[in-house]
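For reference, the structure discussed in these notes is given below.
Letters A, B, ... are given to chains in the order of the sequence lines, protein chains preceding strands, and every chain is numbered from 1.
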Amino acid sequence: MIDLALKNVSKRFGGLLAVDKLDVEVPKGKILSLIGPNGAGKTTVFNMITGVYPPSEGTISYQGKKLNNLRSNRIIRHGIARTFQNIRLFKSMTVLENVQVGMHCRTKSGAFRALLNTPFAIREEKEIIEKSMETLEFLGLADHHNEYASNLAYGDQRRLEIARAVATRPEMLLLDEPAAGMNPSETAELMDLILKLRDTGLTIFLVEHDMRLVMGISEMVVVLDHGHKIAQGEPKEIQQNEKVIEAYLGTKVKAKA
Amino acid sequence: MKQGSEMGNGEFKKFIIYSLFLGVLILPMVGFPGTHFEAKRAFIVWGVFVGVLALGMLNQVVRQSSIYQKTLGGPQSFNRRVTKQFQKIPVRHWTLILLAAVAVYPLLANNYMVDVGITCLIYIVLGLGLNIVVGLAGLLDLGYIAFYAVGAYTYSLLNLHFGMSFWLCLPIGILLGAILGCVIGYPTLRMRGDYLAIVTMGFGEIIRLVLNNWDSLTKGPNGLLGMAKPSIMYPAFSNSGLEWATYSLKSLHALYYFILLIAVLTVIGVRRLDQSRIGRAWVAIREDEVAAELSGVPTTWLKLLAYAMGAAFASVAGAFFAAKLSYTNPNFFIFMESCIVLCIVVLGGAGSIPGVILAGVLLIAVPEVFRELQDYRMFAFGLAMAVMMVLRPEGLIPATRRKLGLSDIETDTIGELEESYQAVDSRT
Amino acid sequence: MDTSSFLVQQLINALFLGSIYALIALGYTMVYGIIELINFAHGELFTAGAFIGLIVLAALQKYGFVQTHFVLTLFLVFGMAMAYVGVLGVAIEHVAYKPLRNASRLAAILSALGMSIFLSNGMMLSQGVSDRAYPALFGLKGITIIGARITYGQVFIIILSLLLMVALNMFVNWTKLGKAMRATAQNQVMARMLGINIDRTIRVTFIIGPALGAAAGVMVGMYYGSVRFDMGFIYMIKAFAAAILGGIGSIPGAVLGGMIIGGVEVAWSAFLPSAWKDVTTFIVLILVLYFKPSGILGEDVSETRV
Amino acid sequence: MRKMGILVLCLAVAVGFSSMAAAKTLKIGTLSPLTGPYAQDGTDILQGVKTAVAVFQKAGGIPGYKIEVIPGDSACDGGKATMAANNLINQGVNGVVGAYCSSATIPSSVPLNEANIIQITPASTHTDVTARGFKQIFRMCPRDDVQAWSTVKFLEDGLKVKTLALIDDRQTYTVGLTENITKFVNEDKKIKIVALEHITPGDKDFTAVLTKLKKLNPDAIYMGVYQPEGSLMVRQAKALGIKATLLSEDAVYHPKFIEVGGKAAEGTFLTYAKAPDTPERRNFEKTYKKMWNAQAIGSYGYYAYDSAMVFMEAVKKAGTTDTNKVAATIRDNTWNGVSGKIKFDEKGDRKLAHIIWIVKDGKFVPYWDPMTEKYF
Amino acid sequence: MKQTPLGNWRRAIKPSILELKNVHTYYGNIHALKGISCTIPSGDIACLIGANGAGKSTTLLTIFGVQRAARGEIRFKGRPIHRLRPEQVAVQGISQAPEGRQIFARMTTLENLEMGAYLRNDKAEVAGDMEWVFGLFPRLKDRARQLGGTLSGGEQQMLAIGRALMARPELLLLDEPSLGLAPKLVEKIFETILEINKNGVTIFLVEQNAHMALSISNTGYVMETGRIVLTDSAAALLKNEKVKKAYLGE
């Protein structure tokens, strides 16, 4: 079953064609990776899916519903959550609060209930804390719940971003270079975590540069170069693909004399 | 680190240069109140400024000296130790002590002091309201006083024309303020910080000018006069048995306790909002709007809500103000008032409730103490404001997010140090 | 007065008012462009310029210098006022803004506001609370074009402010220092990597921007005939609005914004109930910003970058 | 000799004690804007009161009383004025001179009324100041309608203008004047009002509005503005070549008007009370100028002087500081002030007629008397 | 992965122009560089390769003083520069074409290039260098009067490199010059880099296009999470299986 489908999607910034007629289908419950050199348009794809800006052409649909012109917070309610390439946490808030913000779209009590501190609000707040702590435990951050997000170690910040995204109770998770800046052992932990998340039924859509991670866990890989899809297939196929190797490693220039 | 003597030498050079600069700036401006140079006056003022400069720099040199660093400064400095001691007392106790003090205050104070207290409390309510907009949601608002005006005029007009009681007018005023808050908030949603400043300032001025120009409704610059004071009904026994008696909150003491109640409720309300799901979403917007939106926070709606909530509190304060004076006039709601409220919020520490309370008292009550100094008061006020901001840009009591449980986290001094290292603009 | 001369007269009024707003707005825009700070004290710098101009002019008049060396007098008055305010601008930057360059925006704005109050009250203490008369240099003589009158003073001021604007534009576009200022405004880190001392560049900005404000202050004093310690406030609001309307950070934008604000004010007063003049100014501003959030000639900065 | 010495000492002590016992203090509070845009007028008021005390003391004062002036800053703001009033009450003032702005006078009069303290405002012309039935409040300056009546009378009978344009700056005082002028003119139907324009206080450029008036070409333009704007307005009117007669009110009766207005101020008419050139007036002017190193005195300096003087004289006459008795004394007597004869009506308003002045050769000169319809 | 002694060997032959010793850099709490040491011989092209977020750009920014080195030493021609501010580093003779090009968008191509020569006062020679840059990148000459912001990505990259060259640096730091460019253009840029190097400019290149970068470089460094994990001659690195693995995860 296809969860997310991008059909003929293009994005133009002024004269620059960042994404060119892209077709991608993400199957439910699977891990799909989108790879390609820097500037290939990967993050642009994520931005279009999550409604940061609309595609110039084409349609994006999720479980049959068109997402094209929805606002980001609406899209998230449909069950698509994401993380960011450069960590964007709420730095002055605690770890727990960051996750609690993620639960915003799944909770209801408004300003009046908060002002009056109604039983509903109290109950909900308790529930938020419990669920947030669960999420943190799942991601191994429970011990840090009272620390300020800015005080976390780098790897933990990355994980906290995932926790915040998971707290929105998504069915699909878009991870934008989650392993960037991680050392091999942290990356290995991250791999386990992603698999664990997948096993809870989440669909994972991954943008990543770390090939050990991509090739190790993806069920399907899509390769982008200059906004074009140049290859698609299982990791093994991709690794043998001449086009991919060329895009990644580049061709040699005449060697230095 | 430089050697002490070398540093002293450098400081001395700096001192001479600064003094000369001060001379260039002060001598012509102060020396020529008319057409001829009044040397005595000019040099005295220059002398005073140079003196203050010398003291300031001496203080700095002493603080940087190795002896001071070893004894009084450093991580175990006197200030820090004192702060630590204070922090040991739980917030709950502080609150109780403070409440007891403000409750007893009017019994010990004379009318004037009670009146100053009332004004302080009004501004604290305003500051707390603006704190929602500026401190929590991070939206700059220079026209906040307009909502204060809305509250004041709503009560005045409804009371004068329809004889409606304070209690009935209050919710109407809150509603009107909130609606107006949304109206003002709406066009500013797409704007960034500094544009917000001029637009909100413009809205503030528009409201004031409308009140000033709409003669048929507001009596324009003449103002509205003779509103009733709020009154409360209480059961009392009389000849004909149990009856409802009316107690008008006329005396300053009654008004003081009334505004105190409003202020306490405001503190509770703002605190609850701050710690609720809504407050968290506001802070998230302040920290990173895009990330908040992409974490499922409806930023548009929440920003409007921030404006509306802030406006609602100002409206309450406004209604009280009009009722207290029994008079209102568009001139009460000038731009400078918005600035003062903003000062309270930022000086106290944006987002920090105790900060706002402290700054409210400092900014309203302390100038009253120096009322004798008249002209010099505002002069010093301006200077103090700039100096305070330079010394404590985070405010007097910087805001911190609430933590659950009892885990005590030492602030990482190394982290702070390193942050100061990357003094370069982080816009890369 | 027939309609055509009425229109010409109002046009002259608008041009005159607009050019003064524009000149003050330039100072705002330059300072904002380079350190992204709304310099609330700019209105006071403008007033300080007017006072220094008055002091110099009065002193020169006392010794009969004005009659004998008219052009030199003008040169001295403007020069001294601009120099003084330039120094004042740098001093303020050094004391109140520089330490806050990496602090929150709010802290910097409050510091600026504090400086504004400080300077305004300082001038009240030193120069008195009431308005001071400016010696009449130009008098009321003027020329009549199609029934509209324009005094020599107005002609002089319009020409001088245009000259200053052109000079500024040339400075910023043609000189090395001017280009360094623009580079610093656009990308501080890159500018530093090219060897530009941004502290120095910012200091220069704080000389030029306030100096232009001072020139406007002297003009206002000379033409209207009086200065008062708090006169900067209204001009500050208008010029602030003008700078933002034109797109803050943009020099042609500030000129355009100033002209528009001046034009709207005059046009509204000329044809519609004048009590609502200021309301209109702000509504125009809000409408423009609503439809073009970056101002008329401003760069579009609202684009979200993820 | 020694005995004598002791005796003298004892006597001195006794006198000292008795005088201490007897020397009650008469405290006069002032309320006026000492900060902000109206600080000039506010300072004039404070100085006027202090001059009055000095003159009164020199003339003998009230036996057994020390007189003290306690300044209060109303800042032209209701809230601050009320606080300042409460402060004065706490310091035990017997009477208050002030405030200046009606928007400060009205709220501050409430606590003063409750504390039953005499209040004499030297400057607030708003009808509501005395219209609320307070028994201890008086107004030294004439009310808006009195001044408006003089103006209209002059326009109709003195200048015989046919068309009139009005300008005000939308402040309490000036709006009161233009409203009353409109009312009187409409009643008499002799003059046609062609325009009512408004300016913003603090603005410097009024050319747009003045050009508009130039096109309408009225016979006279009434400027309901304060002195700073008034000075600028006459200059700009002349620069635009406006030929209409310019008229204004007592808020521009300030030496600064001529100083700043320069030649353009020449020929401007304004309404202001005509005081007889009495020795008291000359004495006041001399003392004031000497005390405050001033070249000239603003109009509110005179009213403030009279306010304080009437209060002190009334206390002296009543022989008590009891508010009700002093108020009655003030109301029942006619006083000689430096701004003319002073007589209050039931409400506490002063009956004071304005005359028309003209600026001539850099001076304010009496021009026409609306009561007698005669030129001076 | 251990550090090979090759770096030292090279230094023995050629005088080094830039030396990093145990450099640590922090972003707030994040330890971005965890003790970087490397030596760049004068006249060489050295390249730093590694995955996103490994700290390559941070290394360049730290050299330039944009990020303060919390610990360690950076020496340029033997003089320590790690305490200098960026504008002071520029004076020493280093220039940089940073990540994301950082073109002054509201200045023309010509003005951008002039800003590159900000520190120089020799007008005639600046004009000569301008011609040289235009010779390297003829496209820039056509766009001389166009605003920087309106140039295409490739043109901006050329402009960034050209601007850095206008300072007549002894050491040129290039941060991902191939980023987002079409393969043909990338080739062109790399050829130009070689040409620049032939003019005696030492080049320190940060690239993710490993193959191409290594093929023009003398020395290569492989970075991983804030550390240099591999140092070798470029030719050797090209054959290194670990490098291949790092890039394709084989």
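- With a 4.5 angstrom heavy-atom cutoff, C/Ile283 touches chain B via backbone and side-chain atoms both.
- If you measure heavy-atom distances from B/Tyr18 to chain C, the contacts under 4.5 Å come from the side chain alone.
- Of the residues considered (C/Phe40, C/Phe51, C/Phe240), C/Phe240 shows the highest number of contacts with chain B, using heavy-atom pairs under 4.5 Å.
- Other residues, nucleotides and ligands contribute over 12 non-hydrogen atoms within 6.0 Å of the NZ atom of B/Lys303.
- Side chain of B/Thr299 to main chain of B/Glu293: no donor-acceptor pair is present (N/O by atom type, distance under 3.5 Å, no hydrogens or angles).
- If you tally non-hydrogen atom pairs under 4.5 Å between each of B/Leu383, B/Val199, B/Val387 and chain C, the highest count goes to B/Leu383.
- For chain B, the nearby parts of C/Ala48 are the backbone and the side chain; heavy atoms of each come within less than 4.5 Å.
- For a residue to count as touching a neighbouring chain, one of its non-hydrogen atoms must lie under 4.5 Å from one of that chain's; by this rule C/Leu106 touches chain B with backbone and side chain alike.
- Ranked by heavy-atom pairs shorter than 4.5 Å toward chain B, the options C/Tyr32, C/Tyr97, C/Phe291 are led by C/Tyr32.
- Few gaps surround NZ on C/Lys62; more than 12 heavy atoms of other groups in view lie less than 6.0 Å from it.
- Remark: side-chain polar atoms of C/Tyr134 are paired, donor with acceptor, to backbone N or O of C/Leu54 under 3.5 angstrom.
- For C/Thr47 (side chain) and C/Gly232 (main-chain N/O), a donor-acceptor pair under 3.5 Å exists by modelled atom type.
- C/Ser111 contributes no side-chain N or O that, together with a main-chain N or O of B/Met389, makes up a donor-acceptor pair within less than 3.5 Å.
- Heavy-atom pairs under 4.5 Å with chain B were tallied for C/Ile198, C/Val279, C/Ile52; the largest tally goes to C/Val279.
- Note: B/Val390 leads B/Val390, B/Ile26, B/Val30, B/Ile207 in heavy-atom pairs under 4.5 Å with chain C.
- Contacts between B/Phe32 and chain C at a heavy-atom distance below 4.5 Å involve backbone atoms as well as side-chain atoms.
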Could you check C/Arg101 against C/Asp199 for salt bridge (Lys or Arg N to Asp or Glu O under 4.0 Å), going step by step and ending with a plain yes or no? CA-CA 11 Å; C/Arg101 233 181 258 168; C/Asp199 285 344; 2.7 Å; yes
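- Looking only at distances, no side-chain donor or acceptor of C/Tyr84 sits under 3.5 Å from a matching main-chain atom of C/Ala214.
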Side-chain polar contacts of residues 336-351 of chain B - donor-acceptor pairs under 3.5 angstrom, sequence neighbours left out - could you list them?
residue: B/Glu337; atom: OE1; partner: B/Tyr123; partner atom: OH; Å: 2.2
residue: B/Ser338; atom: OG; partner: B/Leu142; partner atom: O; Å: 3.3
residue: B/Ser338; atom: OG; partner: B/Tyr144; partner atom: N; Å: 3.4
residue: B/Ser338; atom: OG; partner: B/Ile145; partner atom: N; Å: 3.2

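- Contact annotation for B/Val210: both backbone and side-chain heavy atoms come within less than 4.5 Å of a heavy atom of chain C.
- Of the atoms belonging to C/Met123, it is side-chain heavy atoms, and not backbone ones, that fall under 4.5 Å from chain B.
- In this structure, chain C has a heavy atom under 4.5 Å from the side chain of B/Arg41, while its backbone stays farther away.
- For B/Glu394, the CD atom is loosely surrounded, since the number of other residues' heavy atoms within 6.0 Å does not exceed 12.
- Contacts between C/Val85 and chain B at a heavy-atom distance below 4.5 Å are absent for every atom of the residue.
- Checking side-chain atoms of C/Asn121 against main-chain N and O of C/Ile117 turns up a donor-acceptor pair under 3.5 Å.
- Contact count versus chain B (heavy atoms, under 4.5 Å) is highest, among C/Val87, C/Thr280, C/Leu37, C/Val56, for C/Val87.
- Counting heavy-atom pairs closer than 4.5 Å to chain B, the top residue among C/Leu100, C/Ile55, C/Leu110 is C/Leu110.
- In this structure, the portions of C/Ala241 lying under 4.5 Å from any heavy atom of chain B include both its backbone and its side chain.
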